Trainee: 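Just dropping this structure here.
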Amino acid sequence: MHALCQDILPPSGVEFAACLNLTASSLGELPTPPNVTLRHEFAARALCNVVVARSNILRIFEVREETAPISAQAEDERERRAKVRKGTEAVEGEVEMDEDGEGFVNIAKSAGQKSATLPTVTRFHFIREHTLHGTVTGMEKLRTLASLEDKLDRLLISFKDAKIALLEWSDAVHDLVTVSIHTYERAPQLMSLDSPLFRAELRVDAASRCAALSLPRDAIAILPIYQEQVELDAMDQDQAKGAPYAPSFILDLPAQVEENIRNVIDFAFLPGFSNPTIALLFQTQETWTGRLKEYKDTTKLIIFTLNITSQTYPIITSVEGLPHDCFSLLPCSASVGGVIISSSNAVIYVDQPGRRIALPMNGWASRMSDLPLLTLEPKDANRNLELEGSRSVFVDDKTLFVIMRDGTVYPIELAIEGKTVSKLIMASALAQTTIPSVAKRLVDNHVLIASVVGPSVLVKTDHVEEDINEDDAMDASPAAVVQQNDTDIYDDDDDIYGPSTTGNETTTDGQRDGKLSSRKTRTVVHLSLSDSLPAYGPIADMTFSLAKNGDRYVPELVAATGSGPLGGFTMFQRDLPIRTKRKLHAIGGARGMWSLNIRQPVKTSGIQYERPINPFHPGNDTLIISTDVNPSPGLSRISTRTGKTDISITTRIPGTTIGAAPFFQRTAILHVMTNAIRVLEPDGTERQIIKDMDGNMPRPKIRFCSICDPFVLIVREDDSIGLFIGEAERGKIRRKDMSPMGDKTSRYLTGGFYTDISGIFDSQLEGNVPATTQTTSTLQAAVNAGSKSQWLLLVRPQGVIELWTLPKLLLVFSTSHLSTLQNVMTDSFDPPAVSLPQDPPRKPQDLDIEQVLIAPIGATSPRPHLCVFLRSGQLTIYEVLPAGPAVERPPTATRTSTLKIKLVKVISRAHEIQRPEENDKSIIAEQKRFQRLFIPFSTTPGGSTITYSGVFFTGDRPSWILANDKNGVQVYPSGHLFVHAFTPCSLWDTKGDFLLYSDEGPSLVEWIPEYNLEGPLPSRSVPCGRAYTSVAFDPNTALIIAGSSLQARFASFDEDGNKLWEPDAPNISDPICECSTLELISPDLWVTMDGYEFSTNEFINALGIVTLETSSTESGTKDYLAVGTTINRGEDLAVKGATYIFEIVEVVPDPDLLPQRWYKLRLRCKDDAKGPVTAICGFNGYLVSSMGQKIFVRAFDADERLVGVAFMDVGVYVTSLRTMKNLLLVGDAIKSIWFVAFQEDPYKLVLLGKDINKVCVTTADFFFTDGELSIVTGDDEGIIRVYEYNPQDPDSKDGRHLLLRTEFHRQCEYRASAIIARRTKEDLSIPQAKMICGSSDGSLFSLTPVEEHAFKRLQLLQGQLTRNIQHIAGLNPKAFRIVRNDHVSKPLSKGILDGNLLAHYEALPITRQIETTRQIGTERTVVLHDWIALCGPW
């Protein structure tokens, strides 16, 4: 059996981070729109780039400082000012009217106020994302010789298989390019059997003189980097010229540095030395708490210098006697010197001479180590903190932040006397932030606290000098306080950052510049939250449930995510969740709908006048135009709202509407029909009509139009176009001269207008551009709100796309590469292309461009994107960016003006398009024809403060195209079979409504605002403050049952019930053990209806809904909840377990609290076991459970007790039980997989086959398709194995041995899986199995069966992609998926396709697609058909 392994969601969270100046934009100010207001005079600037990684995902962000968003009070004030009577507005330079009534305003003073400091915020902005063919184990910034020229840093990444890749940013491709890759996987240190358990650490010298990668067997790989041209010139001749590095080598620490170096814990480069200098923390003799009487303080620290040229490594400092539980090194700044060592119970400072200063965190420090400790103040004597899992970071030279494993931030100050550190002073907790995985100091006093189990936060530290009174004690002066940020970040900041407290105490030394000052001051560190990167963390378990979106039930994946206080649930849906507010069958609209905001004139005393425009609050829509093609020749309606919910049709117009939009500053309606262009009054009466005639001859019908006040573009069925312009003085439109574009009979496929709200187009326009392009000559454009420039986009039949200025037509951008969807496109400087009509008329072709649109896509700061749809079904989105200095004018160019932009492909999707007979012009065929249009929209979902700008794509693959500041462009299905018409609609006084005509008819819909649109799947988080290890869905009651994971204090008792040990001091903590509770949760409200508390030393291993035999129902069976637990009794006694059977019963609800159905858990049976019950399932009305090394099949007798009917001795520790009919899969932590059958007469478990190799199986599942059955397992290293049970095969020993067919390395272990049905044909009675799996890194992936003929094609394609495309960091996709297996002669890697690699195919340019498929003897369309059939989450 063959399968495709494809990622649905990337890993969640941040495990590694690097701060550097990677892109050119991080060196200076960002381009500012030309028509900025007073608020935007502060130019946004990029502080730095932040590159983050988790598992195999790499994301690049830009950290920008921007003006703070306008508060609600400022919005109200702006609205109030917009309503002042005409003629009394403030003139330019006037900030406020004279309040004393003199009538004069000091303009100079006003100008001075104008430059006052504006509040700013720091934000993440997404740039690029990559899925790597390797697992990241470290990231650092690096400067090479080239950095002296471009001032940019390089990125160094290490991977799990002992590789280092050097990457740099290329503006030409707007992406990372690989400079070099260095591999050590064949080094003798990696040949050992335990090397897969080793985790490589990457470190870089502060001056970028060399990089180091830790290897097994106490070795370090050193990569020297040239920093001076002299070094590069002196290199060997056989070395590649121009390489920024010298030959790397492996440093064997025991042989070349110190013979006692064993078990390296951590190492780091120290700054401020003339040669690269490494501090190394190691433990020659390992010990643990049970052997402290024999071996104590076994950790050692040495500091040695790397003299690379002479290959000598002198030791300059050696320190012994450090606690055995030291776990990390943090180098201090060059001005202070030394290192900070973190242990479980103390923070230790060691300076270069070897002097040690230890600050105890709890009472255990003095009991576990003989290291001299600092004497604490009386108020700190009872401090009881645990440093396991903590992270440390310097926020300045003397202040250290320690972030505990629960996210609490503690500041520690290095008190310096003269030039030496005298003591460490710790203050009270500052705040509670996220659970840390890495803490990095960024530029401008920013600190990134990243997490793998929840959101990562960006905090800002401000250093403020404050005076203190002579009488006040220095110790009472807080050195760090939390500053509340007034700006709105996001709604979930309290969840990720926690409550902030002030009043933290620490001290300074009262000195300034080393001298005693007469005026005592202290430096206070203010801490404030700037931004966050959302994440949900690892997936512990998951299940499918039914969610109700309005009146529709949809499948929803409920995952137990996060850890500790960041734990909770995350729900995922396939389609963008919407709810229908009302049906509007009366207005029709099967061929188009337009909701328009038209200013209605007001009549007073017989005089008609128009309300003034408020540009900040444009108001709501006032009417809807809808059109249908049936009855012939079509019918158009104008509808208005009556009352709160009703709608009435005010005007009916015979004919089909092609497009409609507000015109003349929203005082009229521009109405385009198939044969005429009309200007309508606000009430629908006709003001002007221009029939589309050629003399007295009617022209072909208009098939498409684009309207952008004051311009109108029409495209006819013969591909000719017409261009019109409105004259505000007359209130009418006229034809516009198109002679600069070539012959008036030229043909065009499509086109449209774009209003530049971002300022990119204006700022990048160069050449002989007339002034009229910047300020239009018509009165209409002069009164245009904001005076945004307008541009015309045209596509010619040969695939040439052109951008023209308006109102004076001037070609400024042209490229012929769009039709082949090249990755990056810039101006070709070609003159206007020739596209005369052909004889016979040109027929449509598959690679024709059917639709284009330039529209802003994004959230808080939308960016322009070009949306392209080819006739073959390829949907591609390009981001419009400044081209930078890379674009040079060719010497043969005849065009003098150019738009210096580049189009960078960000997403490309292939769709299968059904096209009925296009020559059929009948009404029925016309009615069934799909219109595939890009329709831009801007919406603010209800209850949200974020305004999304996006694009909706209509047709038979309806989709929402959206983006966010923290993620790239995403395409979400709408959940409809088709959508004929779409328009944003605010007719009912809300900016979050949409009107669409789908397979359900015309409906008014809205987004469900609780869902986050920050990933490939819409998600919704329910933070609970605790983690859950197990989750199940009860289909009878539609409730969620979950087992939570909590921490409890553990105590051991003797036979008389007395405690064997208890803490004897307040700073000595109790041991902690895991415990669980069972919760019955309503997914509608996410409230816990009922629960069951287990003992404080009992935790849940497994739970599930099982069907058991019972006499209480007519069917003889009933669904129960089965729970298996472990009872922990300490390290001296063996663990026990128990099996619980619960029934979910309905009870009478309390009408005062919640007048609806209510449920509770009823315990029906508890069965104690001699060992832990680690897995549970059921079949044929029996319960199957594990107990230690046995599995039992038991019946539920009299609804009160479990009676055993069969058992079997299996492996060592059962991790997984799965059933199908009477077949049972048993996964074991040591003995791999067992395949068992159950028979009832007599009761017996029969072993059919098993795997004879030792594999740690964590999950096992049945996987079937078309009469074939396979067994899929996952192990603790993330390896997926596919087994086959085939007694006819001689290798199976009559079926006793399961045959291993495929091994596939997926980078991370998965412990949660669900089998869902996949139907490829409507008449398939038994569906295929599709497996959805959730990993411990937060990723979600699927395993889909692949038919034989499609598998062969895709496997050949996979080989071509492996060899013929550039992979990020120079990694090998094939090697990444290969599993080392000493029992077979060659890798078993050909049974599972790599979906991450195959996904690159549909993103390739079409020319590359055709070339790649030609080499494997097939066609592009066939391969895409295979790929599309396998895509989709579920």
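Here the structure is a predicted model, which means the values were calculated and not measured. The analysis underlying the following values was restricted to heavy atoms, covering all of them including side chains, and did not include hydrogens, waters or symmetry mates. Throughout, residue positions are numbered sequentially from 1 according to the sequence presented.
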Trainee: Kindly determine whether L1398 and L1430 satisfy side-chain contact (heavy atoms from CB on, under 4.5 Å), including the steps that lead there.
Mentor: CA-CA 11 Å; L1398 289 171; L1430 296 170; over 6 Å; no
Trainee: So W169 and L152, do their side chains get closer than 4.5 Å, heavy atoms only?
Mentor: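 No, every pair of side-chain atoms sits at 4.5 Å or beyond.
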Trainee: Can we say R203 and D266 salt-bridge, meaning some charged N sits less than 4.0 Å from an Asp/Glu carboxylate O?
Mentor: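 Salt bridge between R203 and D266, a charged N being under 4.0 Å from a carboxylate O: yes.
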Trainee: Verify whether one side chain among E1074 and S1045 offers a donor that lies under 3.5 Å from an acceptor in the other.
Mentor: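 Judged by distance alone, the side chains do pair up.
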Trainee: Taking NZ, NE, NH1 and NH2 as the nitrogens, is one of them in E556 or R1020 under 4.0 Å from a carboxylate oxygen of the other?
Mentor: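 Salt bridge present between E556 and R1020.
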Trainee: Would you confirm whether T1362, through its side chain, and Q1358, through its main-chain N or O, come within 3.5 Å as a donor-acceptor pair?
Mentor: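 Pair found, side chain donor or acceptor close to backbone of Q1358.
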Trainee: Measure the CG-CD distance between L47 and E62 for me, rounded to the nearest 0.5 Å.
Mentor: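 Between L47 CG and E62 CD, I get 9.0 Å after rounding to 0.5 Å.
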Trainee: Within the distance-only criterion (no hydrogens, no angle test), does the side chain of R1377 pair as donor or acceptor with the backbone N or O of D1394 below 3.5 angstrom?
Mentor: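 It does not hold such a pair.
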Trainee: Tell me, do T144 and V179 make a side-chain contact under 4.5 Å, heavy atoms counted?
Mentor: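 Of all side-chain heavy-atom pairs linking V179 with T144, none is under 4.5 Å.
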Trainee: Is it true that F401 and F394 have ring centroids separated by less than 6.0 Å?
Mentor: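 Centroid separation for F401 and F394: 6.0 Å or greater.
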Trainee: Which atom names give the shortest non-hydrogen contact between V402 and S392, and what distance separates them?
Mentor: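 Of all heavy-atom pairs spanning V402 and S392, the closest is CG2-OG, 3.8 Å.
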Trainee: Report the C-alpha distance between N1372 and H1367 in whole Å, list the side-chain angles of each, state the deciding distance to 0.1 Å, and finish with yes or no for side-chain contact (heavy atoms from CB on, under 4.5 Å).
Mentor: CA-CA 7 Å; N1372 184 348; H1367 303 290; over 6 Å; no
Trainee: Go through the steps to decide whether E168 and R143 satisfy the test salt bridge (charged side-chain N to carboxylate O under 4.0 Å, His left out), and finish with yes or no.
Mentor: CA-CA 10 Å; E168 66 182 6; R143 297 186 69 83; over 6 Å; no
Trainee: Can you confirm whether L142 sits close enough to D153 that some side-chain heavy atom of one is under 4.5 Å from a side-chain heavy atom of the other?
Mentor: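 The answer is no; the side chains never approach within 4.5 Å.
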Trainee: Kindly say whether G454 contributes a backbone atom to a donor-acceptor pair with the side chain of S451 at under 3.5 angstrom?
Mentor: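 Judged by distance alone, yes, a pair lies under 3.5 Å.
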Trainee: Take F61 and H125 through the test ring pair (Phe, Tyr, Trp, His ring centres under 6.0 Å) and record every step on the way to the result.
Mentor: CA-CA 5 Å; F61 293 92; H125 283 266; 9.5 Å; no
Trainee: Does D7 reach the main-chain N or O of L1340 with its side chain, forming a donor-acceptor pair under 3.5 Å?
Mentor: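 Looks like no, no N/O pair under 3.5 Å.
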Trainee: Any side-chain heavy-atom pair from N445 and V395 closer than 4.5 angstrom?
Mentor: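 The answer is no, as the side chains (C-beta and beyond) never meet within the 4.5 Å cut-off.
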Trainee: Does any non-hydrogen side-chain atom of I8 lie less than 4.5 Å from one of S1342?
Mentor: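 Contact flag for S1342/I8 side chains = yes.
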Trainee: Quick test of your reading of the model: are E129 and R54 salt-bridged, counting only N-O distances below 4.0 Å?
Mentor: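 Salt bridge: no.
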Trainee: Side chains of I1280 and T1273: does their closest heavy-atom pair fall under 4.5 Å?
Mentor: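 No, too far: nothing below the 4.5 Å cut-off.
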Trainee: Looking at R863 and E879, is there a salt bridge between them, counting it only when a charged N and a carboxylate O are closer than 4.0 Å?
Mentor: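 Here E879 pairs with R863 in a salt bridge, since their nearest N and O are under 4.0 Å apart.
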Trainee: Could you give the distance from CD1 (I403) to CD1 (I449), rounded to the nearest 0.5 Å?
Mentor: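 I403 atom CD1 to I449 atom CD1 measures 4.5 Å (nearest 0.5 Å).
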Trainee: List the atom of P538, the atom of S1336, and the distance in Å for their closest heavy-atom pair.
Mentor: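 That would be CB-O, 2.9 Å.
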Trainee: With side chain to side chain donor-acceptor pair (under 3.5 Å) as the test, would you mind laying out the steps for N56 and T131 before giving the verdict?
Mentor: CA-CA 6 Å; N56 67 332; T131 301; 5.4 Å; no
Trainee: Working note: L1343 + V1272, criterion side-chain contact (heavy atoms from CB on, under 4.5 Å); need CA distance, chi angles, decisive distance, verdict.
Mentor: CA-CA 10 Å; L1343 211 61; V1272 177; 3.8 Å; yes
Trainee: At what distance, to the nearest 0.5 angstrom, does OH of Y1310 lie from SG of C1333?
Mentor: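 SG of C1333 is found 4.5 Å from OH of Y1310.
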Trainee: Does R1281 pair with E1303 as a salt bridge, N-O distance under 4.0 Å?
Mentor: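 Between E1303 and R1281 there is a salt bridge, with a charged N closer than 4.0 Å to a carboxylate O.
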Trainee: Quick one, L533 and F124 - any side-chain contact, counting heavy atoms below 4.5 Å?
Mentor: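 A side-chain contact exists here, since the closest heavy-atom pair is under 4.5 Å.
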Trainee: Do you know which two heavy atoms are closest between I157 and V136, and how far apart they sit?
Mentor: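 Heavy atoms only, the tightest pair is CG2-CG1, 3.8 Å.
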Trainee: Between H130 and D175, is the side chain to side chain donor-acceptor pair (under 3.5 Å) condition met? List the steps.
Mentor: CA-CA 10 Å; H130 284 290; D175 204 352; 2.7 Å; yes
Trainee: Would you sort out whether S530 and R123 count as a side-chain contact (heavy atoms from CB on, under 4.5 Å), showing the intermediate values?
Mentor: CA-CA 7 Å; S530 295; R123 294 280 191 267; 5.7 Å; no
Trainee: Going by atom types alone, do T137 and S158 pair a side-chain donor with an acceptor below 3.5 Å?
Mentor: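 Checked: T137/S158 side chains pair up, N/O donor to acceptor below 3.5 Å.
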Trainee: Measuring only between side-chain heavy atoms, which start at C-beta, is L20 closer than 4.5 Å to L155?
Mentor: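 Yes, at least one pair of side-chain atoms sits under 4.5 Å.
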Trainee: Could you go step by step and tell me if F544 and F572 meet the ring pair (Phe, Tyr, Trp, His ring centres under 6.0 Å) rule?
Mentor: CA-CA 10 Å; F544 275 96; F572 301 98; over 10 Å; no
Trainee: Could you report the tightest heavy-atom contact between L156 and A211, atom names first, then the distance?
Mentor: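 That closest heavy-atom pairing would be CD2-CB, 3.4 Å.
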Trainee: Are a donor atom and an acceptor atom from the side chains of S248 and Y184 found within less than 3.5 Å of each other?
Mentor: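 Note: S248 and Y184 side chains meet the donor-acceptor criterion.
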Trainee: Would you call R405 and E386 a salt bridge, using N to O less than 4.0 angstrom?
Mentor: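 Result for this pair is yes, salt bridge flagged.
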Trainee: Compare every heavy atom of V393 with every heavy atom of K440, then report the nearest pair and how far apart it is.
Mentor: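 Smallest interatomic distance, heavy atoms only, reads C-CG2, 4.0 Å.
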Trainee: Would you call D541-R1311 a salt bridge at under 4.0 Å N-O?
Mentor: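 The answer is no: the pair does not qualify as a salt bridge.
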Trainee: Just by modelled atom types, is the F159 backbone N or O under 3.5 Å from a matching donor or acceptor in the T135 side chain?
Mentor: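 Not a single qualifying donor-acceptor pair exists.
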Trainee: Mind listing the closest non-hydrogen atom pair of S1216 and A1260 along with its distance?
Mentor: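 Closest approach of S1216 to A1260: OG-N, 3.3 Å.
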Trainee: Pairing donors with acceptors under 3.5 angstrom, does anything connect the side chains of N823 and H174?
Mentor: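 No - no donor-acceptor pair under 3.5 Å links their side chains.
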Trainee: Can you tell whether the side chains of E1402 and K905 come within less than 4.0 Å, N to carboxylate O?
Mentor: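 No, no charged N to carboxylate O under 4.0 Å.
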Trainee: Any side-chain to backbone donor/acceptor pair from T1302 onto S1389? Under 3.5 Å, distance only.
Mentor: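 Between the backbone of S1389 and the side chain of T1302 there is no qualifying donor-acceptor contact (under 3.5 Å).
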Trainee: First locate atom CD1 of I265, then atom OG of S214, and finally report the distance between them rounded to the nearest 0.5 Å.
Mentor: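 The OG atom of S214 is 12.5 Å from CD1 of I265, to the nearest 0.5 Å.
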Trainee: Should R1306 and D1337 count as an ion pair when the cut-off is N to O under 4.0 Å?
Mentor: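 Salt bridge absent between R1306 and D1337.
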Trainee: Return yes if some donor-acceptor pair links the side-chain N/O of N1012 with the main-chain N/O of E1014 below 3.5 Å, else return no.
Mentor: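 It does not hold such a pair.
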Trainee: Do any N or O atoms from the side chain of Y536 and from the backbone of G1338 form a donor-acceptor pair under 3.5 angstrom?
Mentor: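 Yes, the answer is positive, given that a donor and an acceptor are paired below the 3.5 Å cut-off.
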Trainee: Using a strict cut-off of less than 4.0 Å between a Lys/Arg side-chain nitrogen and an Asp/Glu carboxylate oxygen, indicate whether D531 and K966 qualify as a salt bridge.
Mentor: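 K966 and D531: salt-bridged.
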Trainee: Kindly compute the distance separating OG1 (T1258) from CD (E1277), expressed to the nearest 0.5 Å.
Mentor: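 With rounding to 0.5 Å, OG1 (T1258) is 11.0 Å from CD (E1277).
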Trainee: Taking atom CG of L4 and atom CG of L1393, what is their separation to the nearest 0.5 Å?
Mentor: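 Between atom CG of L4 and atom CG of L1393 there are 5.5 Å.
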Trainee: Okay, side chain of S1044, backbone of Y1028: is any donor-acceptor separation there less than 3.5 Å?
Mentor: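 No: the side chain of S1044 does not pair with the backbone of Y1028.
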Trainee: Determine whether a donor-acceptor pair (N or O, by modelled atom type, separation under 3.5 Å) exists between the side chain of H446 and the backbone of D444.
Mentor: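 Yes; at least one donor-acceptor contact below 3.5 Å.
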